[in-house]
Amino acid sequence: MFFSIIIPLYNRPQEIDELLHTLTKQTYLQFEVLVIEDGSKDDAKAIVESYGNQLDVRYFYKENEGQGFTRNYGFERAKGDYFVIFDSDCLIPANYLEEVKNYLYDHHLDAYGGPDAAHESFTPVQKAISYAMTSPFTTGGIRGNKNHIGQFHPRSFNMGISRQVWEKVGGFILTRLGEDIEYSIRIHENGFSIGLIPDAKVYHKRRTSFSQFYKQLHFFGRARINIYKHFPSQLKLVHFFPAVFTVGFIFTILCNIFYWPLGFVCNFFLLLYFLLIFFHSWSVNKSLKVAFLSIISSFIQLTAYGLGFMQDFIKRVVLKQK
């Protein structure tokens with residue numbers, strides 16, 4: 001099996017250097033790498049080409065269109081039997097392709113996704129953000145979890161499709177705002193098999209600050225409504241949880257300001273919830289600092305997503321604006 005690894009890149013030369021370095025350690029060697037620079041001002045051409053004697057790597061530069069259409073650009077030029085998509089802020093374990101190859105030989109999948117985790121080199125903030133995005137108490141553990149709710153939708157930071165999927169379904173029709181979920185749904189609807197490969201994990205840096213994390217999750221909340229506009233059946237009760245939490249938090253603040261009787265009850269449940277996150281993160285990360293930061297990252301994860309979700313729900317669903 002020959003893999004084509006496709007990496008869209010936008011103004012992140014340091015990240016692609018770190019990612020390509022991890023790819024030089026792969027135990028399975030039948031792969032090529034396509035790095036597509038999406039109109040970056042700070043390009044990484046020299047960095048990518050410096051790996052020419054260690055990897056079968058090709059560099060492309062195109063006008064800025066967003067990550068979805070940039071991946072399509074890579075699909076059109078890929079030589080592999082299977083296309084693997086990574087985000088530029090990922091680090092890839094040395095056995096990643098070996099795990100994928102072995103799993104696909106034993107379990108036929110036309111498309112797959114894999115989980116993400118925090119690398120030991122990540123900062124405490126990055127580990128806390130990783131916790132918030134994978135915890136059963138924030139996202140429900142649905143990202144890269146065997147016990148996911150409903151259809152499994154691979155996420156584009158760690159996703160693979162067969163050449164047959166590309167030839168029949170085509171590529172991304174959205175360039176952002178939930179483009180990977182929309183693509184997964186179309187793959188399902190065309191009769192292809194999709195599944196999780198539990199051991200095909202990557203170390204996903206996501207964002208390096210809480211302010212960047214807030215912007216990203218606000219965008220994710222809006223993306224969920226974008227998916228709903230294309231596929232109404234894909235809006236589940238679990239997707240409302242961040243909005244419900246956000247409304248509940250605002251109500252708790254009002255209760256405390258105006259001394260409403262429910263204030264004590266709201267405070268108790270909010271404190272209980274944050275203590276649950278603290279001790280669970282402490283157990284997972286073995287760090288008191290990361291556990292404390294996980295409270296902050298979880299709060300940001302829920303409120304940013306919730307506000308983005310409510311913003312576009314009101315605008316696009318209630319008010320019927322485009």
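Positions are given from 1 along the sequence.
Between Asp17 and Tyr51, the side chains place a donor N or O and an acceptor N or O closer than 3.5 Å (distance only, hydrogens not considered).
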Query - Working for side chain to side chain donor-acceptor pair (under 3.5 Å), residues Arg176 and Asn226 - result: CA-CA 10 Å; Arg176 52 179 65 88; Asn226 201 38; over 6 Å; no
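Checking each of Lys62, Glu37, Glu65 against Thr70 for a side-chain hydrogen bond (donor to acceptor under 3.5 Å, both in side chains) leaves exactly one that passes, namely Lys62.
Remark: the backbone N or O of His153 is not paired with any side-chain donor or acceptor of Ser184 at under 3.5 angstrom.
Heavy-atom contacts from other residues, nucleotides or ligands closer than 6.0 Å to CZ of Phe292 number 12 or fewer. More than 12 heavy-atom neighbours from other residues, nucleotides or ligands sit within 6.0 angstrom of CZ on Phe2. Counted within 6.0 Å of CZ on Phe245, heavy atoms from surrounding residues, nucleotides or ligands total more than 12; the atom is thus considered enclosed. The number of heavy-atom neighbours closer than 6.0 Å to CG of Leu319, taken from other residues, nucleotides and ligands shown, is above 12. Around the CZ atom of Phe269, the shell of radius 6.0 Å holds no more than 12 heavy atoms that belong to other residues, nucleotides or ligands. No more than 12 heavy atoms of other residues, nucleotides or ligands lie within 6.0 Å of CD in Glu63, so this atom counts as exposed by the packing criterion.
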With a cut-off of 3.5 Å and sequence neighbours excluded, list every side-chain donor-acceptor pair involving residues 164-174.
from, atom 1, to, atom 2, distance (Å)
Lys168, NZ, Asn190, O, 3.4

May I have the list of side-chain donor-acceptor pairs in residues 298-311 shorter than 3.5 Å, sequence neighbours left out?
from, atom 1, to, atom 2, distance (Å)
Ser298, OG, Ser294, O, 2.7
Thr303, OG1, Phe299, O, 2.7
Gln311, OE1, His218, NE2, 3.3

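For an aromatic pair to be called close, the ring centres must be under 6.0 Å apart, and Tyr96 with Phe86 satisfies this.
Applying the ring pair (Phe, Tyr, Trp, His ring centres under 6.0 Å) test to Tyr203 and every residue at least two apart in sequence or in another chain returns His119.
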